[in-house]
Structure formats: C-alpha cells, structure tokens
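Each remark here refers to the structure printed beneath this line.
In this text the structure is predicted, and so the values were computed from the model without any measurement.
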Amino acid sequence: QVQLVESGGGLVQAGGSLRLSCAASGRTFSTYNMGWFRQAPGKEREFVTTISSSGLGRYYADSVKGRFTISRDVAKNTVFLQMNSLKPEDTAVYYCAAGYGTGVRTRPIDYSYWGQGTQVTVSN
C-alpha cells in the first residue's frame, strides 16, 4: 500500500509556472505507475499525465502537452508536475495517483491510490 501527499499548489497569474510535488510512502514506490489528474468545480476528474514505473514512459493529455512535464525521483519517493504557461482553464484541484498495469493508463479506475489533492488557481 502507498500513501500520497501533494503539495505546491497555489494562485498564479496566467502565463506563470508552478511545480507540484507528490510524496509517496512505502518501499514499493518504484513499482507503481504514477499519474496526475485534475478536477474543476462541476466537472469530472480528468487525466493530465502519467509516468511509467520505470520513468521511461510518459503520456500527456492534449490540453497540457508542451506545457506540463511529469518526472519522478525514486530516491526521494516523489513525483513532480512542472506546469508552465498556465492558463485560467488549468484551474482545478490536482490529484496524484498510483497504480499498476501496463500500457498508457489514463482512466481514474486504473489507479488504486490517491492523494488528497492540491488547489491550483490561475488568474487572468
């Protein structure tokens, strides 16, 4: 089992950057695929990006491709989400998730463990 704690959210102006972190507990962190999802008020939780357990495979939603970068530091049991060129439509609660499986995992059901979320607000 793994516990996830996100941090790094906040208020930023459009065009700005934020770096989210997700600290994981447990010795099996390196065996999990890690993902970031987001949920805006009144909307369903949507996929943002995922990184494979090896760190070699990364996949992004079209809406963030070229602006967001996911990475992981196995030694620190942490996954990061670097967000650049932020837009007001990026405003949401961002969730970190961990799960097993092969292939690109973009559905919430593909992930077994979730953090509590961190708020990202992008102003005009």
Side-chain angles (χ1 to χ4, degrees):
Q1 191 165 352
V2 62
Q3 293 183 331
L4 306 172
V5 179
E6 302 97 334
S7 62
L11 174 64
V12 63
Q13 288 188 332
S17 298
L18 280 175
R19 189 193 196 203
L20 305 184
S21 299
C22 173
S25 65
R27 294 174 292 177
T28 59
F29 170 73
S30 62
T31 66
Y32 288 95
N33 301 316
M34 301 297 296
W36 286 96
F37 289 75
R38 65 187 182 186
Q39 189 166 17
K43 295 187 177 181
E44 293 187 353
R45 190 167 298 190
E46 67 169 349
F47 169 78
V48 175
T49 181
T50 184
I51 187 168
S52 64
S53 56
S54 67
L56 298 178
R58 305 178 192 190
Y59 186 79
Y60 299 91
D62 288 342
S63 58
V64 306
K65 200 173 295 182
R67 300 188 297 122
F68 291 11
T69 302
I70 189 172
S71 61
R72 65 191 300 164
D73 186 329
V74 174
K76 296 182 179 179
N77 272 16
T78 302
V79 63
F80 302 99
L81 180 63
Q82 178 66 44
M83 305 186 295
N84 299 328
S85 302
L86 283 161
K87 305 174 181 179
E89 50 264 44
D90 294 318
T91 295
V93 177
Y94 283 71
Y95 296 91
C96 173
Y100 286 121
T102 58
V104 179
R105 318 294 280 181
T106 64
R107 304 174 303 168
I109 198 173
D110 294 329
Y111 296 84
S112 301
Y113 304 103
W114 293 83
Q116 82 289 349
T118 185
Q119 177 70 47
V120 171
T121 303
V122 184
S123 63
N124 287 311

Inset, instruction - With rounding to the nearest 0.5 Å, note down the distance linking CD1 in Ile70 to OH in Tyr59. - result: 13.5 Å
Inset, instruction - Over all heavy atoms of both residues, which pair between Val2 and Ala98 is shortest? Give the atoms and the distance, please. - result: CG1-CB, 4.0 Å
Inset, instruction - Sort out for me which residue in Tyr95, Tyr94, Phe47 forms a ring pair (Phe, Tyr, Trp, His ring centres under 6.0 Å) with Phe37. - result: Phe47
Inset, instruction - Say whether Val64 and Val93 are linked into one hydrophobic cluster, either directly or through other cluster members, by side-chain heavy-atom distances under 4.5 angstrom. - result: no
Legend entry - Side chain proximity check, Trp114 to Arg45, heavy atoms < 4.5 angstrom: yes
Inset, instruction - Flag the pair Arg67 / Asp90 as yes when at least one side-chain heavy-atom distance between them is below 4.5 Å, and no otherwise. - result: yes
Legend entry - Atom pair OG (Ser25) and CD (Gln1), whose distance is rounded to the nearest 0.5 Å: 8.0 Å
Legend entry - Main-chain N/O of Tyr111 paired with Arg105 side-chain donor or acceptor, under 3.5 Å: no
Inset, instruction - Look at atom CD of Gln3 and say whether more than 12 heavy atoms of other residues, nucleotides or ligands are closer to it than 6.0 Å. - result: no
Legend entry - Interatomic distance, Ser30 atom OG to Arg72 atom CZ [nearest 0.5 angstrom]: 7.0 Å
Inset, instruction - Flag the pair Leu20 / Val120 as yes when at least one side-chain heavy-atom distance between them is below 4.5 Å, and no otherwise. - result: yes
Inset, instruction - State plainly whether one hydrophobic cluster holds both Val48 and Phe80, where clusters connect Ile, Leu, Val, Met, Phe, Trp and Tyr through side-chain heavy atoms under 4.5 angstrom apart. - result: no
Legend entry - Connected via hydrophobic side-chain network under 4.5 Å: Val79 and Val104: no
Inset, instruction - Would you check if the side chain of Glu6 reaches a backbone N or O of Gly117 as a donor-acceptor pair within less than 3.5 Å? - result: yes
Inset, instruction - Give a yes or no on whether Lys65 atom NZ has more than 12 heavy-atom contacts from other residues, nucleotides or ligands under 6.0 Å away. - result: yes
Inset, instruction - Verify the ring-centre separation between Tyr32 and Tyr100: is it less than 6.0 angstrom? - result: yes
Inset, instruction - Check the surroundings of atom CD in Glu44: do more than 12 heavy atoms from other residues, nucleotides or ligands lie under 6.0 Å from it? - result: no
Inset, instruction - For Tyr60, look at atom OH and say whether over 12 heavy atoms of other residues, nucleotides or ligands are found less than 6.0 Å away. - result: yes
Inset, instruction - Determine whether Ser63 and Arg38 make a side-chain contact, defined as any pair of heavy atoms from C-beta on separated by less than 4.5 Å. - result: yes
Inset, instruction - Locate the shortest heavy-atom distance separating Ser85 from Ser17; write the atom from each residue and the value. - result: N-OG, 4.3 Å
Legend entry - Considering all heavy atoms, the nearest Leu86-Val12 contact: CD1-CG1, 3.6 Å
Legend entry - side chain to side chain contact (heavy atoms under 4.5 Å, CB included) partner of Met34, the single match among Thr50, Leu4, Leu81, Thr49: Leu4
Legend entry - Within-4.5 Å side-chain heavy-atom neighbours: Thr91 and Gln119: yes
Inset, instruction - For the residue pair Val122 and Met83, establish whether any side-chain heavy-atom pair is separated by less than 4.5 Å. - result: no
